[in-house]
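Read through the structure below, which is laid out as structure tokens, and then see the notes.
Order of the sequence lines fixes the chain letters, A, B, ..., with proteins taken first and strands second; residue numbering starts at 1 for each chain. Just so it is clear, the values below take in all heavy atoms, side chains as well, and ignore hydrogens, waters and symmetry mates.
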Amino acid sequence: AQSVTQLDSQVPVFEEAPVELRCNYSSSVSVYLFWYVQYPNQGLQLLLKYLSGSTLVKGINGFEAEFNKSQTSFHLRKPSVHISDTAEYFCAVSGVGTSGSRLTFGEGTQLTVNP
Amino acid sequence: DAGITQSPRHKVTETGTPVTLRCHQTENHRYMYWYRQDPGHGLRLIHYSYGVKDTDKGEVSDGYSVSRSKTEDFLLTLESATSSQTSVYFCAIRLADNYEQYFGPGTRLTVT
């Protein structure tokens, strides 16, 4: 079994400020990790993923995340946010080799970028 | 968008009526999933399919059934809708060579 905890339900920031959205996971097996973004009244869009290799992964829209196995974390960062980054962000984990390769999602973090 | 469509996009129904939601994909993906999204819960897996006629339960499967008679369609049925099933339902597919999932646009279901 696996679980995901997103440590902040809401993160307000000012435009051009840096941001970090925190995600911790637990799993009894190796994992694949994902961040998705959901803009209002839309579906989920894949932002970035960690499957293997370099622990620092880069995604779309200038976002990046770092996989830290010892701390079981996968925090999402952006050095300078824009108004258009306002959205809900979901961290998700899939256990390698688990049945159906199902995703387990966190509860989401609402990022609000203010002018 | 990985060629995923969902229908209907919006539906209002009464308690006790059956409801079927359809997910259609055009790219022959083997794995398909149904999730529901509720405030404070993120997305939770209802059922998934790993091939034609091959399905399995997710974490919130009670009150739902699924069918997959052909590769491109994955149907979610609420046998007797309840107000607790008011939610936004998302279909997803998984790419064959990795674990990435891509989502459809969603169906907003309201049970009155």
Side-chain angles (χ1 to χ4, degrees), chain A residues 1-10 21 23-25 27 29-53 57 59-60 65 67 74 87-110, chain B residues 1-7 9-10 21 23-25 29-51 54-61 66 68 74 87-108 110:
Chain A
Q2 58 224 24
S3 65
V4 176
T5 301
Q6 291 184 240
L7 297 167
D8 306 290
S9 60
Q10 300 199 32
L21 306 184
C23 172
N24 288 348
Y25 70 92
S27 176
V29 299
S30 298
V31 296
Y32 298 139
L33 293 156
F34 306 86
W35 276 99
Y36 286 85
V37 59
Q38 184 178 35
Y39 299 103
N41 299 312
Q42 295 189 23
L44 277 75
Q45 180 182 1
L46 182 64
L47 204 54
L48 50 77
K49 61 184 183 285
Y50 170 79
L51 302 179
S52 64
V57 294
I60 61 172
F67 170 54
F74 190 54
E88 190 154 24
Y89 292 79
F90 293 94
C91 181
V93 63
S94 182
V96 177
T98 54
S99 174
S101 52
R102 58 184 72 186
L103 285 177
T104 299
F105 285 84
E107 295 180 2
T109 297
Q110 175 64 44
Chain B
D1 62 359
I4 307 168
T5 58
Q6 294 184 231
S7 59
R9 294 293 314 279
H10 301 271
L21 308 182
C23 177
H24 179 79
Q25 54 128 339
H29 297 293
R30 179 184 171 197
Y31 283 85
M32 299 183 74
Y33 304 81
W34 276 109
Y35 294 87
R36 60 178 290 174
Q37 183 179 25
D38 304 289
H41 290 279
L43 278 79
R44 292 178 292 174
L45 181 66
I46 305 171
H47 283 278
Y48 68 96
S49 170
Y50 47 97
D54 293 322
T55 64
D56 204 350
K57 296 178 179 180
E59 60 180 305
V60 289
S61 59
V66 290
R68 193 166 179 202
F74 191 31
S87 187
V88 181
Y89 291 86
F90 287 100
C91 173
I93 59 91
R94 195 202 98 181
L95 299 185
D97 56 351
N98 58 46
Y99 282 57
E100 293 177 36
Q101 291 188 21
Y102 291 87
F103 288 78
T107 294
R108 184 173 297 275
T110 302

- Note on the structure: Pair count under 4.5 Å, heavy atoms only, with chain A: among B/G106, B/G58, B/G40, B/P105, highest is B/G40
- Message: Ignoring hydrogens, what is the shortest heavy-atom contact between A/Q2 and A/R102? Give both atom names and the distance.
- Response: NE2-O, 3.4 Å
- Message: Using side-chain heavy atoms (C-beta onward) and a distance below 4.5 Å, is A/Q38 in contact with B/F90?
- Response: yes
- Determine which residues belonging to residues 29-37 of chain A lie within contact range of chain B, meaning some heavy atom pair is under 4.5 Å apart, and list them by number or answer 'none'. A/Y32, A/F34, A/Y36
- Query: Under a 4.5 Å heavy-atom cut-off, does chain B meet the side chain of A/Q45, its backbone, both or neither?
  - Reply: neither
- Do the non-hydrogen side-chain atoms of B/F103 and B/Q37 ever get within less than 4.5 Å of each other? no
- Would you mind reporting whether A/V57 and A/F74 have side-chain heavy atoms less than 4.5 Å apart? yes
- In terms of side-chain heavy atoms, does B/Q101 have a donor or acceptor partner in B/Y48 at a distance below 3.5 Å? no
- Query: Checking B/Y99 against chain A: side chain, backbone, both or neither under 4.5 Å from a heavy atom?
  - Reply: both
- Heavy-atom distances under 4.5 Å only: say whether B/R44 touches chain A with side chain, backbone, both or neither. neither
- Message: So which atom in A/S3 and which in A/V93 form the shortest heavy-atom distance, rounded to 0.1 Å?
- Response: O-CG1, 4.2 Å
- Would you say the side chains of B/Y102 and B/E100 form a donor-acceptor pair under 3.5 Å? yes
- Task: State whether the side chain of A/T109 and the backbone N or O of A/Q10 hold a donor-acceptor pair below 3.5 Å, judged by distance alone.
- Result: no
- Task: Please flag which part of B/L43 lies under 4.5 Å from any non-hydrogen atom of chain A: side chain, backbone, both or neither.
- Result: both
- Item | A/L44 versus chain B, the contacting section by heavy-atom distance below 4.5 Å | both
- Pair B/D38-B/S87, side-chain donor/acceptor within less than 3.5 Å: yes
